[in-house]
Number of protein chains: 2
Amino acid sequence: MVELMARQMDDVFQALGSATRRRMLHDLAGGPKSVGQLAEPFAMSLAAASKHVKALEKAGMIRREVRGNTHFCHLDPGPLASAHRWLSFYESFWTGRLDELERLLREEKGTIPASQEGDDT
Amino acid sequence: MVELMARQMDDVFQALGSATRRRMLHDLAGGPKSVGQLAEPFAMSLAAASKHVKALEKAGMIRREVRGNTHFCHLDPGPLASAHRWLSFYESFWTGRLDELERLLREEKGTIPASQEGDDT
DNA sequence: GATCTAGTCAACCGATTCGTTGAATAGCTG
DNA sequence: CAGCTATTCAACGAATCGGTTGACTAGATC
């Protein structure tokens, strides 16, 4: 199941809404890193960086593997794929394929994807 | 120029980090809507909805056309395309094409001057 | 002109965010 | 054991967020 509920989508996009965390994800694309390694590029306390890691973890984009003293963070691309998929809905819009967009909108009238449904306040 | 600066990316992802605003974007995909029309699905004051619209506008995802009394909002897909493109960097990760990811990372070494630690195995 | 409608603005409030610091935990090392 | 390393946790403060209400502006309508 690739679709995430609205709440999880909130977490994912909110996590992505920080250059610090985007940079961390990017660094993680090169392979697993410890929290300390992730924190290194930034002029902030380790505790602050640790909170960013926690935010990414909460959003499901990081998987933590505690080995001895150090916590290794692995990138989990699932939520990124979900976000990408959510945005793809609008792809026909920026590629100019409005007919395709219209098809998507019509098709959707029957089945409501969770990623498009905002329910709470 | 498709790339946005980090600050603008922050605005875009932060704007997307709310189910309310995602719903507004989705409604806008069907065509331009007034602020009142965008606010209608939600159990919140018009002023609150207006703030959400402003957030989307600040992120560049909405274009406003004031005609007489009412403000018509048009979807501007540019920032969505940027976000989509940003996420595409990780696409090879979730499709399992790790070799492609590695190529992207290597290719990027030349173009990005930031203090990134090079750790090739 | 009076009034209704569409929307913004400013002030306010409670919750959350983003950073700090100092203390605590747990593993490694001499 | 003492002490270093890696990391979290708790408390705090400033800033921002998401909502409210009441006042305001501007266009439409009678």
Side-chain angles (χ1 to χ4, degrees), chain A residues 6-25 27-28 31-74 117-121, chain B residues 6-25 27-28 31-75 117 119:
Chain A
R7 256 301 156 60
Q8 296 176 290
M9 279 303 259
D10 283 7
D11 287 343
V12 171
F13 279 122
Q14 270 162 213
L16 292 177
S18 145
T20 299
R21 290 188 290 260
R22 288 197 303 277
R23 167 67 184 276
M24 285 180 168
L25 282 181
D27 290 351
L28 243 23
K33 302 243 180 311
S34 72
V35 174
Q37 284 176 312
L38 286 174
E40 208 185 342
F42 305 105
M44 68 176 68
S45 68
L46 185 61
S50 172
K51 284 191 197 176
H52 284 291
V53 169
K54 227 175 64 177
L56 290 166
E57 199 177 14
K58 182 187 171 209
M61 293 185 282
I62 275 185
R63 205 171 71 244
R64 191 185 300 243
E65 173 210 359
V66 181
R67 203 162 55 202
N69 219 359
T70 94
H71 298 204
F72 286 97
C73 300
H74 303 247
E117 262 309 289
D119 49 298
D120 60 29
T121 55
Chain B
R7 196 51 187 274
Q8 295 176 290
M9 279 301 259
D10 282 8
D11 287 344
V12 171
F13 279 122
Q14 274 166 30
L16 292 177
S18 144
T20 299
R21 290 187 291 259
R22 288 198 303 279
R23 167 68 184 273
M24 285 180 168
L25 283 181
D27 289 352
L28 243 23
K33 302 242 180 316
S34 72
V35 174
Q37 284 176 311
L38 286 174
E40 207 185 341
F42 305 105
M44 67 176 69
S45 69
L46 185 60
S50 172
K51 284 192 198 176
H52 284 292
V53 168
K54 228 176 63 177
L56 290 166
E57 199 178 15
K58 182 187 172 210
M61 292 185 283
I62 275 185
R63 204 171 73 245
R64 192 184 301 241
E65 173 209 359
V66 181
R67 201 162 55 203
N69 219 0
T70 94
H71 299 205
F72 285 96
C73 300
H74 303 247
L75 182 64
E117 68 156 29
D119 184 29

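Sequence lines set the chain letters: A, B, ... in the order given, protein chains first and strands last, and positions in each chain run from 1.
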Check: Does B:Ser34 make a side-chain N or O approach to OP1 or OP2 of C:dG7 shorter than 4.0 Å?
Finding: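 Answer is yes, contact under 4.0 Å.
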
Might you point out which heavy atoms bring [X] and [Y] nearest each other, and give the distance in Å?
{"X": "B:Ala39", "Y": "B:Leu46", "value": "CB-CD1, 3.8 Å"}
{"X": "B:Ser34", "Y": "B:Thr70", "value": "CB-OG1, 4.5 Å"}
{"X": "B:Thr20", "Y": "B:Met44", "value": "CG2-CE, 4.0 Å"}
{"X": "B:Ser18", "Y": "B:His52", "value": "OG-CE1, 4.1 Å"}

Next item on the list: With B:Met61 as reference, evaluate B:Leu25, B:Asp11, B:Leu28 under the side chain to side chain contact (heavy atoms under 4.5 Å, CB included) test and give the passing residue.
Entry: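 The single option meeting the side chain to side chain contact (heavy atoms under 4.5 Å, CB included) with B:Met61 is B:Leu25.
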
Would you mind reading off the distance between [X] atom [atom1] and [N] atom [atom2], rounded to a whole angstrom?
{"X": "A:Leu16", "N": "C:dT17", "atom1": "CG", "atom2": "C1'", "result": "16 Å"}
{"X": "B:Asp11", "N": "D:dC17", "atom1": "CG", "atom2": "P", "result": "9 Å"}
{"X": "A:Met44", "N": "C:dT20", "atom1": "CE", "atom2": "P", "result": "7 Å"}
{"X": "A:Arg22", "N": "C:dC18", "atom1": "CZ", "atom2": "C1'", "result": "15 Å"}
{"X": "B:Ile62", "N": "C:dG7", "atom1": "CD1", "atom2": "C1'", "result": "14 Å"}
{"X": "A:Glu40", "N": "D:dT5", "atom1": "CD", "atom2": "C1'", "result": "15 Å"}
{"X": "A:His71", "N": "D:dT5", "atom1": "NE2", "atom2": "C1'", "result": "12 Å"}
{"X": "A:Asp10", "N": "D:dC17", "atom1": "CG", "atom2": "C1'", "result": "13 Å"}

Checklist line | A:Ala19 backbone acceptor or donor facing B:Arg7 side chain under 3.5 Å | finding: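 No: the side chain of B:Arg7 does not pair with the backbone of A:Ala19.
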
Next item on the list: Take nucleotides 23-30 of chain D nucleotide by nucleotide from the 5' end and write B, S or -, depending on whether a protein heavy atom sits under 4.0 Å from the base, only from the sugar-phosphate, or from neither.
Entry: ---BBS--

Margin query: Can you tell me how far apart CG (A:Leu38) and CG (A:Leu56) are? Round to the nearest 0.5 Å.
Written below: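 Reported value, rounded in 0.5 Å steps: 8.5 Å.
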
Item checked: Pairing residues for A:Arg63 by the side-chain hydrogen bond (donor to acceptor under 3.5 Å, both in side chains) criterion, not counting sequence neighbours ->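 Partners of A:Arg63 under the side-chain hydrogen bond (donor to acceptor under 3.5 Å, both in side chains) test: none.
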
Margin query: So if I take residues 45-55 of chain B and measure heavy-atom distances to DNA chain C, which residues fall below 4.0 Å?
Written below: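 Those residues whose heavy atoms fall under 4.0 Å from DNA chain C, taken from residues 45-55 of chain B in numerical order, are B:Leu46, B:Ala47, B:Ser50, B:Lys51.
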
Notebook entry, point to check: Step by step, would you call A:Arg22 with B:Asp10 a side chain to side chain contact (heavy atoms under 4.5 Å, CB included)?
Noted result: CA-CA 9 Å; A:Arg22 288 197 303 277; B:Asp10 282 8; 2.8 Å; yes

Notebook entry, point to check: Does B:Gln14 or A:Thr70 map to a spot on DNA chain D nearer the 5' end, using the closest nucleotide for each?
Noted result: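 The 5'-side residue here is A:Thr70.
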
